[in-house]
Amino acid sequence: MENKVVEEKEVDMIPLMTPYKMGNFELCHRVVLAPLSRQRSYGNIPQPHAILYYSQRTTKGGLLIGEATVISETGIGCNDISGLWTKEQVEAWKPIVNAVHAKGGIFFSQIWHAGRVSNKEVIEKAKSQIGVLKELYSRLAEIVHECPGQYYRYHGDWKSETQTVVSLLAFMHWLETGTLVLHSEVEEKLGLTPTEFGLDVDDYLIGICFMSNELPRYVVNQVTAGDYDCPRKVLKFLTDLHAAFRMLNLRNDFLRKKFDGMKYDLRKVEEVFYDVKIRGLAANGDSAGEKQA
């Protein structure tokens, strides 16, 4: 009886290299390039190097399912995802698809929308207010110019608001690029000039610390929405940011206190990261932050 069961199982096994009819398509084998998210389409436009990437994985009669391809600007959930909603994007895809077809491959697009995880629409709405801030700082600079050499005498009247502005700009910049906004970039966004009415370095650094305070809450919200890779990205960013701050010789003042609080932000993100990983929801691979811990 046992031998009979074994023989039936062997008969039911289907070799990977046998043909398969999938609707109107005749596949020469059953090995498929699975869907993925490569995040190499800078500016949401497929790049020329993708021609080589996909053609290398193409076989005659083989099925390829392409990378996550966003169908709307409001559907972007992470950086450098390929798009398919503009003519430029469609044209960029054509040589990639042609390369696959030239080798006899069958190519399907994985159309994608991030749903609630998407932040593009929110960011664009916030960015529309940068011009308002720039105008306000311009008017403030005109007033200060009437009192030469008195910048730091009145600096306390706007430093708190400036620190908040820096934190918001830094957060938006990180959502778009995954990197830290530089002091000079903030000055440029706000129309400030170092020689006349610039951004105080302490205001910039404190603003970055305020931005750090928001990241643990952001991570929890993203995981709740189903983005299980977010904790890894934030953990790496915060680990690098904390290491950079440790290189500064800070005085025992408000900035020092804000920096000391950054380690608690880091710890909260670590807890979410490890919780997601223990539950088997995180992607494979250790982050820089995990290795340091």
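Note that the structure is a prediction, hence the values are computed from the model and not measured.
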Pair L248-L205, side chain to side chain contact (heavy atoms under 4.5 Å, CB included): steps then yes or no:
CA-CA 11 Å; L248 301 177; L205 294 175; 4.1 Å; yes
Audit row: R38, D80, side chain to side chain contact (heavy atoms under 4.5 Å, CB included) steps and yes/no
CA-CA 8 Å; R38 299 185 62 239; D80 301 325; over 6 Å; no
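Between E67 and R40, no side-chain nitrogen of the basic residue sits less than 4.0 Å from a carboxylate oxygen of the acidic one, so the salt-bridge criterion is not met. Under the 4.0 Å criterion applied to side-chain N and carboxylate O atoms, R139 and E142 are not assigned as salt-bridge partners. A salt bridge between K233 and D227 is absent, with no side-chain N of the basic residue lying under 4.0 Å from a carboxylate O of the acidic one. A salt bridge does not link R267 to E270: none of the charged side-chain nitrogens sits closer than 4.0 Å to a carboxylate oxygen.
At a threshold of 4.5 Å between non-hydrogen side-chain atoms, the residues K159 and I206 do not count as touching. The shortest side-chain heavy-atom distance between H173 and T179 falls under the 4.5 Å cut-off.
Counting Ile, Leu, Val, Met, Phe, Trp and Tyr side chains that sit under 4.5 Å apart, directly or through other members, Y42 stands alone, with no cluster partners. I106 shares a hydrophobic cluster with Y20, M22, F25, L27, V32, L63, I65, F108; the chain of contacts runs through ILVMFWY side chains whose heavy atoms sit under 4.5 Å apart. Under a 4.5 Å side-chain heavy-atom cut-off, the cluster of Ile, Leu, Val, Met, Phe, Trp and Tyr residues that includes I143 has no other member. Hydrophobic cluster membership for L36: L33, I51, Y53, Y54, L64, L84, V90, W93, I96, V97, V100, F107 (Ile, Leu, Val, Met, Phe, Trp, Tyr linked by side-chain heavy atoms under 4.5 Å, directly or transitively).
Screening D202, D203, T162 for a side chain to side chain donor-acceptor pair (under 3.5 Å) with H155, the sole residue that qualifies is D203.
A donor-acceptor pair shorter than 3.5 Å cannot be found between the side chains of Y151 and D200.
For the atom pair D265 CG and L238 CG, the distance stands at 6.5 Å (nearest 0.5 Å). To the nearest 0.5 Å, atoms CG (D240) and CZ (F245) are separated by 13.0 Å.
Take E26 and apply the salt bridge (charged side-chain N to carboxylate O under 4.0 Å, His left out) test, not counting sequence neighbours, and it matches K21. Every residue two or more places apart in sequence or in another chain was checked for a ring-ring contact (aromatic ring centres under 6.0 Å, His included) with W112, and none qualifies.
Using cut-offs of 30° and 60° for the angle between ring planes, the H242 and F259 rings count as parallel. Ring geometry, Y137 versus F197: the interplanar angle falls from 30° to 60°, so the pair is classed tilted.
Smallest separation of non-hydrogen atoms from I71 and W85: O-CB, 3.4 Å.
Within 6.0 Å of atom NZ in K103, more than 12 heavy atoms from other residues, nucleotides or ligands are found, so the atom counts as buried in its surroundings.
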